[in-house]
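This report concerns only the one structure given below.
Heavy atoms only: backbone and side chains are in, while hydrogens, waters and symmetry mates are out. Below, read A as the first sequence line, B as the second, and so on, with proteins coming before strands; counting in each chain starts at 1.
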Amino acid sequence: MNDKERDEPSRDGAEIEEGPDSVRRGLLKMAGAVAALTLAPGVTVFARDLVLKGQHKAKGPVRYGLLIDARACKTGCDACVRACQDYNGLSHDPGPDNAQWIRKVTITDEKTGFTRSFPMMCQHCAHGACVDVCPTGASFRRPDGIVLVDKHRCIGCRYCLMACPYKARSFVGRVVKDQRPWAPRGKGTAEGCTMCVERVEAGKLPACVAACQKAGHKAMMFGNLHDPKSAIAVRLSEVATTTIRADLGMAPGVHYRGI
Amino acid sequence: MRARAGVLAVLSVILALGLVWAAHRRPVAMPVVPRAPGHCVLPTAVMLRTHMMLLRSVREEIVRHDARDTRFRLTGCVACHVEHTASGQPIPVNAPGQFCATCHTYVGVHLDCFACHAAVPETPGKFGGLRGQGAVQAAFRIPRALRGRFGASGAGGGR
Ligand code: SF4
Ligand code: SF4
């Protein structure tokens with residue numbers, strides 16, 4: 001938790017939100033203006049209003065994160081990995097050119113033989129290297145802390161794959177078929193864990209967290225790290241946890257217990 | 001002199017044949033676009049001209065600004081405009097003769113959306129999707145109270 005001072009709410013959304021906002025309004029105005037050319041005046045206003053209705057609904061500081069209890073995670077269980085693959089339409093086959101949004105990792109202390117098994121995914125860093133290196137702004141961090149690839153902008157340069165110290169990004173090198181409607185993905189773009197962003201927005205748990213609970217292991221916890229009353233924030237304040245490679249200063253949003 | 005007259009004769013025959021062919025040639029038929037049930041989110045005339053700009057600005061909203069509650073969503077388009085085979089299987093909207101492909105083929109504009117996006121709606125209940133197809137369709141219909149605003153043609157005539 002030595003990244004605490006770098007991970008304040010003020011750094012977490014405000015500055016990110018301001019810049020693109022005016023750009024966004026400009027885009028919307030453009031859409032409205034085009035509708036205006038083709039329509040009677042009354043209808044023009046209506047069309048623009050409809051677009052502007054789509055506003056994001058941030059209430060208070062939000063940073064979504066995970067707490068993974070490696071003590072509760074079972075060696076050999078891959079319920080979270082399967083759930084992610086099923087939900088997001090990824091292949092079960094661990095082939096070298098198949099995308100991997102979440103994977104099970106086993107670590108062993110060579111001196112003592114102590115072994116732990118736990119899932120790794122995009123750590124949704126506050127200062128992710130992927131965002132820093134991306135030449136197009138495709139890798140970006142949402143105001144709520146979820147790091148995504150905007151595939152409309154991604155040019156497939158793979159800088160982020162190289163930069164991410166957690167190996168969280170994959171490159172889609174083949175034509176993709178049978179995508180899930182909620183998880184568009186296609187050849188020539190980078191991708192990684194989305195924290196099941198559309199499930200989160202609908203008030204559901206990410207698929208991996210839900211699957212872990214269903215499997216009865218309860219090793220994964222999801223919530224708003226910045227809401228002091230949320231279960232995850234309470235737990236983080238009570239028990240010793242760590243983030244992986246905290247020394248890199250990227251302030252991951254995924255916390256681990258028992259490693 | 002005689003040679004020149006010969007050339008002229010040949011040319012006029014070619015011209016006459018060309019005129020006959022042109023008179024019999026029919027214009028390229030307008031595409032027949034499959035009709036979707038219900039009402040579109042905007043009138044057809046507007047959607048025809050602006051759907052690409054709407055989708056383009058809304059995709060920024062959705063991907064980068066968390067505004068998934070907008071009614072201008074590609075998933076909504078697909079949910080309404082998908083056709084089904086006799087056995088009830090959804091046919092991709094970019095398949096030949098389907099809603100998107102029909103016009104895009106006619107105007108010769110490459111259709112890129114479905115390299116990444118699903119061209120069929122979610123199968124209800126499969127893989128824990130959030131909403132069934134019916135719910136998605138309902139969510140993108142224009143509310144009854146607003147339909148009158150589009151005049152006699154209705155809100156896009158269901159195209
Ligand atoms: S884990 Fe990697 S991909 Fe995810 S935010 Fe951090 S640097 Fe970026
Ligand atoms: S592969 Fe895409 S997301 Fe990654 S750095 Fe390049 S443009 Fe950005």
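The neighbour count for A/D178 CG, taken as heavy atoms of other residues, nucleotides or ligands under 6.0 Å away, does not exceed 12. Crowding of A/Y159 atom OH: a count of heavy atoms from other residues, nucleotides or ligands under 6.0 Å not exceeding 12.
For A/Q179 (side chain) and B/C116 (main-chain N/O), a donor-acceptor pair under 3.5 Å exists by modelled atom type. A distance-only check finds no donor-acceptor pair linking the side chain of B/E122 to the backbone of A/W182 [under 3.5 Å].
A/G137 and B/R64 get closest at one heavy-atom pair: O-NH2, 2.8 Å. Pairing each heavy atom of A/L148 with each of B/V63, the nearest pair is CD1-O, 4.0 Å. Taking each heavy atom of B/V120 and A/P181 in turn, the nearest pair found is O-CG, 4.1 Å.
Interatomic distance, B/T75 OG1 to A/E198 CD, rounded to the nearest 0.5 Å: 10.5 Å. Between the CZ atom of A/R153 and the CD atom of B/E60 there is a distance of 4.5 Å, given to the nearest 0.5 Å.
Neither the backbone nor the side chain of A/A211 comes within less than 4.5 Å of any heavy atom in chain B. Heavy-atom distances place no part of B/V78 under 4.5 Å from chain A, backbone and side chain included.
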> Could you walk me through whether A/R185 and B/H117 pass the side-chain contact (heavy atoms from CB on, under 4.5 Å) check?
Replying inline: CA-CA 7 Å; A/R185 44 194 303 269; B/H117 286 275; over 6 Å; no
